[in-house]
Amino acid sequence: MIALAGIVLGSVGLLLLGIAYLLWTRTKGFMSQAQPVKGTVVRMASDSEGAYAPIFRFMASNGETIEKHAGMYSKPPEYRVGDIVDVLYDPGNPHGARIAKTSSMYFVPILVAVMGIIFIGIAAAILGLKLLDLGTY
């Protein structure tokens, strides 16, 4: 039963590493084709725990004004209304714009990878202890 738990945790860890790789490559692809533009923080959104995320506005190359919720909340707020921010956007999908901050763009892939490594480490410890336990008989 314990060995099965180790195998399941290891499998979940490998799955998480695969997802992290896909997210990482997707982000790299976005960054390689995205156009840079300046945007302005027009207001802040807050969550129930008092963290804030910026809502920014920029003009796409087609002349459309886009307003976008950044999605990354922080406490205290990282931005203030009126701040000028670097924005990256895909001209084919300007509503998918992101604030051009490497740490926030790669946060999710790194988080998922770390979780995968933790799961694999726990699985290795469980299976290693199980193998040591088998060797004592």
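Residues A70 and I99 come closest through the heavy atom pair CB-CD1, 4.0 Å. Taking both residues in full, the closest heavy atoms of V87 and A97 are given as CG1-CB, 3.8 Å, listed atom of the first, atom of the second, then distance. Nearest approach of S74 to P76, heavy atoms of both residues: OG-O, 3.1 Å.
By the criterion of side-chain heavy atoms lying less than 4.5 angstrom apart, applied directly or through intervening Ile, Leu, Val, Met, Phe, Trp or Tyr residues, I120 is not grouped with L131; the two fall into different hydrophobic clusters. A single hydrophobic cluster is not seen to contain both L88 and I66; linkage of ILVMFWY side chains at heavy-atom distances under 4.5 Å, directly or through other members, places them apart.
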Validation: residues 15-30 side-chain donor-acceptor distances under 3.5 Å, sequence neighbours left out:
{"unit_1": "T25", "atom_1": "OG1", "unit_2": "Y21", "atom_2": "O", "d": "3.2"}
{"unit_1": "T25", "atom_1": "OG1", "unit_2": "L22", "atom_2": "O", "d": "3.0"}
{"unit_1": "T27", "atom_1": "OG1", "unit_2": "L23", "atom_2": "O", "d": "3.0"}

Atom pairs and distances, side-chain donor-acceptor, residues 48-61, under 3.5 Å, sequence neighbours left out:
{"unit_1": "R57", "atom_1": "NE", "unit_2": "E67", "atom_2": "OE1", "d": "3.1"}
{"unit_1": "R57", "atom_1": "NH2", "unit_2": "E67", "atom_2": "OE1", "d": "2.6"}
{"unit_1": "S61", "atom_1": "OG", "unit_2": "Y89", "atom_2": "OH", "d": "3.3"}

Residues 105-118 side chain polar contacts: donor-acceptor under 3.5 Å, at least two apart:
none

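For the salt bridge (charged side-chain N to carboxylate O under 4.0 Å, His left out) test, residues two or more places apart in sequence or in another chain that qualify with K38 are D86. For N93, there are no side-chain hydrogen bond (donor to acceptor under 3.5 Å, both in side chains) partners two or more places apart in sequence or in a different chain. For S104, the side-chain contact (heavy atoms from CB on, under 4.5 Å) partners at least two apart in sequence or on another chain are M72, K101. Under the side-chain hydrogen bond (donor to acceptor under 3.5 Å, both in side chains) criterion, E64 pairs with H95, not counting sequence neighbours. Partners of A3 under the side-chain contact (heavy atoms from CB on, under 4.5 Å) rule, at least two apart in sequence or in another chain, are L127, K130.
The list of ring-ring contact (aromatic ring centres under 6.0 Å, His included) pairs with a residue in residues 59-86, not counting sequence neighbours, reads H69-Y73.
D90 pairs with exactly one of R98, Q35, Q33 by the side-chain hydrogen bond (donor to acceptor under 3.5 Å, both in side chains) rule, that one being Q33.
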